[in-house]
There are 2 protein chains.
Amino acid sequence: MLYAVVMSSALPPFPKPQEPLEPPRLLEVESAPDEPCLRADAARNRARLLEAAARLIAEHGVAGVTMEAVAAAAQVGKGTVFRRFGDRNGLLTALLDHSARQLQADFLGGPPPLGPGAPPLERLRAFGVAVLYRSAEQLDLQLAAQPEPARRFSHPSVQALRTHVAMLLRQIVPTADCELLSQTLMASLDPALIHHLTRQCGMPMHRLESGWHDLVARLTGTEWSG
Amino acid sequence: MLYAVVMSSALPPFPKPQEPLEPPRLLEVESAPDEPCLRADAARNRARLLEAAARLIAEHGVAGVTMEAVAAAAQVGKGTVFRRFGDRNGLLTALLDHSARQLQADFLGGPPPLGPGAPPLERLRAFGVAVLYRSAEQLDLQLAAQPEPARRFSHPSVQALRTHVAMLLRQIVPTADCELLSQTLMASLDPALIHHLTRQCGMPMHRLESGWHDLVARLTGTEWSG
DNA sequence: AGGCTAAGCGGACCGTGGTCCAGTTTCATT
DNA sequence: AATGAAACTGGACCACGGTCCGCTTAGCCT
């Protein structure tokens, strides 16, 4: 299996490393047919790079994903990798993009309790569990893809999740500072934290799950006995 | 002003980069007279390095703190910097060490409401505010000193803070999973998050402060009107 | 004082992320 | 089909973090 040829951000020319990267664009999740306008050769190379990266991960773990190694494995110049993905983080993120889109689609338009239709509290609870397990599955990659501190929270995909949480929160506790509260909730689902708790502190996943339910209950002032 | 000549971890020989770094040692905060046994020349160089690093920060910002630059500025070999501080992170952390110890001393043995004497809830509230403002003061350095994701939570100084929070929580909500809850609370004080909220989202500090009080109130099931 | 040894030193060396730009390819236009 | 410009390519190049190892030196022991 190889990672789909989709990505969340098209990189402008090159000269300038462009900061804003692109707005969240919550609404067109499953629509965009890959990179809209990408020259044929560019698209081909992109696919080869992603495939090569995936192969390298499978063989040598995330640490084996060196920009040079990927370029070599895809029989492409190093510059091309950087042009396409911006930096190492961009490449790793692209690898995660498929599942990120999946998750987004699930809670935006999927079946309840994750998707619309269930009461907000239910959705919020389900959301945390979903994120928790998704992260747990791809921990290494998630960890390695973590950008430098300053950008951790501004990444579009992270923003999208947080915005969704804020939206749910507003329906549950309209009087609270939901922006802030949503940040806290998201912070408690940080892959690095999950890694620490499960791998370094030895907590089982079900404890994190209970923790999430408890946390949500406390923050929203609802009841929960677990 | 230059950063005091203290540091939280003595580095073993060199050959092995030693993982465990050192236990939290919560109790001897103000006691240790700097590095206990350090050869005269080593101690001198250490001081010169810290001073040089501080100077570089003042002049060129954190980004200017290159290991080579520091070595050169201190008129010392590059290898010496690494031997003394392990890596760039260690150096940056050493720069922060003074204020970290200060904070620790304050909540372990200082006057209420931070120190013992005040009711736990009071202390917890004060604790968050203290951490908040301390981080805000040294944001750049705190950000730059943030280690790779996997170690973020295992750093002794972070552990110490979290343990303290857990202790307070146990007194306030004995039936809760205080370990987990304390992680959440600490996560909401993450320097990277503070940076994001204040510098990128433009939130004023007082809003974060209110947010903390509100968060504590909700988590502990106590009242608060702000 | 002299000598012994572990601790400390320093700078050459390496790998990796990231940049640059001259040359090449694609493709819309005619 | 020819053409021109925008987009893409590739590999030489750079800076920085980090390692290694032969040499020096502090500080103890006699």
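In what follows, chains carry the letters A, B, and so on, assigned in the order in which the sequence lines appear, proteins first and then strands, with residues in each chain numbered from 1. What's counted below: heavy atoms across the whole structure, side chains too, no hydrogens, waters or symmetry copies. Model, not experiment: these values are computed from the prediction.
Note on A:D140 versus A:R199: salt bridge recorded, some NZ/NE/NH1/NH2 to OD/OE distance being below 4.0 Å. Ionic pairing of A:E51 and A:R46 is not present here: no N-O contact between side-chain nitrogen and carboxylate oxygen is shorter than 4.0 angstrom.
In this structure, B:K78 atom NZ and D:dC21 atom C1' are separated by 15 Å, rounded to whole Å. Between the CZ atom of A:R44 and the P atom of D:dA7 there is a distance of 19 Å, given to the nearest Å. Rounded to whole Å, atom C1' of C:dG18 lies 13 Å from atom CD of A:E148. Per the geometry, CG belonging to A:L92 stands 11 Å off P belonging to C:dG18, to the nearest Å. Rounded to whole angstrom, the span from the CZ atom of A:F85 across to the P atom of C:dG17 amounts to 15 Å. Rounded to an integer number of Å, the gap from NE2 of B:H60 to P of D:dC16 is 12 Å. Regarding B:R88, its CZ atom lies at a distance of 13 Å from the C1' atom of D:dA15, rounded to whole Å. One can place CZ of B:F82 at 17 Å from P of D:dC21, the figure rounded to the nearest angstrom.
Remark: the backbone N or O of B:M67 is not paired with any side-chain donor or acceptor of B:R88 at under 3.5 angstrom. Without hydrogens or angle criteria, A:R125 side chain to A:V216 main chain gives no donor-acceptor distance under 3.5 Å. Side-chain atoms of B:R48 never come within 3.5 Å of backbone atoms of B:A73 as a donor-acceptor pair (strictly under, hydrogens ignored). Looking only at distances, no side-chain donor or acceptor of A:R152 sits under 3.5 Å from a matching main-chain atom of A:P147.
Contacts between residues 66-76 of chain B and DNA chain D, counted as heavy-atom distances below 4.0 Å, involve B:T66, B:M67.
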Query raised in the report: Going 5' to 3' along nucleotides 24-30 of chain D, which nucleotides have protein heavy atoms under 4.0 Å from the base (write B), which only from the sugar-phosphate (write S), and which from neither (write -)?
Result: -BSS---
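For B:R83, taking side-chain heavy atoms from C-beta onward, the closest of the listed nucleotides C:dC9, D:dT9, C:dG18 is C:dC9.
The side chain of B:T80 places no N or O atom within less than 4.0 Å of a non-bridging phosphate oxygen (OP1 or OP2) of C:dG8. Side-chain N/O atoms of A:N45 include one lying less than 4.0 angstrom from OP1 or OP2 on D:dT9.
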When you compare the protein's N or O atoms with those of nucleotides 28-30 of chain C, which come within less than 3.5 Å of each other, and at what distance?
none

Report task. Assess whether side-chain contact (heavy atoms from CB on, under 4.5 Å) is satisfied between A:T66 and A:L56, documenting all intermediate values. Result -> CA-CA 9 Å; A:T66 277; A:L56 282 180; over 6 Å; no
Requested in this report: List the steps and the verdict of side-chain contact (heavy atoms from CB on, under 4.5 Å) for A:R134 and A:Q102.
Outcome: CA-CA 10 Å; A:R134 178 181 105 95; A:Q102 185 60 54; over 6 Å; no
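Ring pair A:F127/A:F107 is perpendicular by interplanar angle, where above 60° counts as perpendicular and below 30° as parallel.
Inspection of the B:Q138 and B:S99 side chains reveals an N or O donor paired with an N or O acceptor under 3.5 Å.
Within 6.0 Å of CD on A:E59 lie more than 12 heavy atoms contributed by other residues, nucleotides or ligands.
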